Amino acid sequence: MKQFAVIGCGRFGASVARTLYGSGHDVLAIDQNEDVIQELADAVTHAVQVDATDESSLKSLGVRNFDVAVIAIGSDIQSSILITLLAKELGVKYVVAKAQNELHARILYKTGADRVVLPEREMGVRVAHNLVSSNILDYIELAPDYSIVEITPLKEWVGKSLKDINIRVKYGVNIMAIKQKSEINISPGAQDIICNDDIVVVVGHNSDILKIEKKS
């Protein structure tokens, strides 16, 4: 279990915060808007109304002790840059920052961000799953409860056939395809073997996909 601080809880930040908390992690949500914080209060570990551009406020919240800070500030580019800088200076190990455009992204990287995301390209849910699971490569939300994910095989799958893995019974998800280097098997059969370098594409309920994430 990791500890995440999500700073800026608009649509993108709230999506990241809810998904991380739903995945079983400690989440501190920070926003200046009291209504936003009240709405998130039951969906995260802690929700605090504070101006994150104030260094003393971030210090008092113990942000330096968090594994990851997600700077999801909306339209205020200056604030996002300042908070990214403060988070790194305070000692946050890994800082992910939201950018409005490529120029903003370059500035954030120069400011010290470890990763920059452009939300029009990456959903908050996808970012959250990538942060907490090393074997989730891509994440597409089909509906509120169902998703398609690309994953690297679990160790227990390698060298076994789909019949032996019995993924539908064990995890409740279905394998849609197997990517093998430059080839894609879009209708894998029961006797197909999972190799270490394969990428497995599965579809299923989010709660079942979470079981695979926790195994990684």
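Quantities reported herein were computed from a predicted structural model and do not represent experimental measurements.
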J.: Is Thr111 reaching over with its side chain to a backbone N or O of Ile107, donor-acceptor style, under 3.5 angstrom?
T.: yes
J.: How long is the span from the CH2 atom in Trp157 to the CG atom in Leu162, to the nearest 0.5 Å?
T.: 10.0 Å
J.: Tell me if a side-chain donor or acceptor on Asp31 pairs with a main-chain N or O of Cys9 at a distance below 3.5 Å.
T.: yes
J.: Can we say Asp114 and Lys93 salt-bridge, meaning some charged N sits less than 4.0 Å from an Asp/Glu carboxylate O?
T.: no
J.: With heavy-atom distances below 4.5 Å as the criterion, would you say the side chains of Leu85 and Glu89 are in contact?
T.: yes
J.: Are more than 12 heavy atoms from other residues, nucleotides or ligands located less than 6.0 Å from atom CD of Glu39?
T.: no
J.: What distance do Leu28 atom CG and Leu20 atom CG have between them, rounded to the nearest 0.5 Å?
T.: 12.0 Å
J.: Kindly compute the distance separating OH (Tyr146) from CD1 (Ile209), expressed to the nearest 0.5 Å.
T.: 10.0 Å
J.: Starting at CD of Gln100, measure out to CG of Leu118 and round the result to the nearest 0.5 Å.
T.: 10.0 Å
J.: For the residue pair Asn65 and Gln3, what are the closest heavy atoms and their distance?
T.: O-OE1, 3.5 Å
J.: For Lys2, does its backbone N or O pair with a side-chain atom of His25 as donor and acceptor, under 3.5 Å?
T.: yes
J.: Taking Tyr109 for the side chain and Val116 for the main chain, is one N or O donor matched with an acceptor at less than 3.5 Å?
T.: yes
J.: Let me confirm one number: the NZ-CD1 distance from Lys170 to Ile212, rounded to the nearest 0.5 Å.
T.: 11.5 Å
J.: Measure the spacing between CD of Glu156 and CG of Asp164 and express it to the nearest 0.5 Å.
T.: 12.0 Å
J.: So which atom in Lys88 and which in Val95 form the shortest heavy-atom distance, rounded to 0.1 Å?
T.: CD-CG2, 3.3 Å
J.: Would the distance check show the side chain of Gln49 and the main-chain N or O of Asn33 forming a donor-acceptor pair, the cut-off being under 3.5 Å?
T.: no
J.: Which atoms form the tightest heavy-atom contact between Gly172 and Asp208, and what is the distance?
T.: O-OD2, 3.6 Å
J.: According to a hydrophobic-cluster definition based on side-chain heavy atoms being under 4.5 Å apart (Ile, Leu, Val, Met, Phe, Trp, Tyr only), do Ile7 and Val50 belong together?
T.: yes
J.: If you look at every heavy atom in Ala97 and Ala113, which pair is closest and at what distance?
T.: CB-CB, 4.3 Å
J.: Any sub-3.5 Å donor-acceptor pair from Asp198's side-chain atoms to Val200's backbone N or O?
T.: no
J.: Heavy-atom count check: over 12 atoms from other residues, nucleotides or ligands less than 6.0 Å from Leu103 CG?
T.: yes
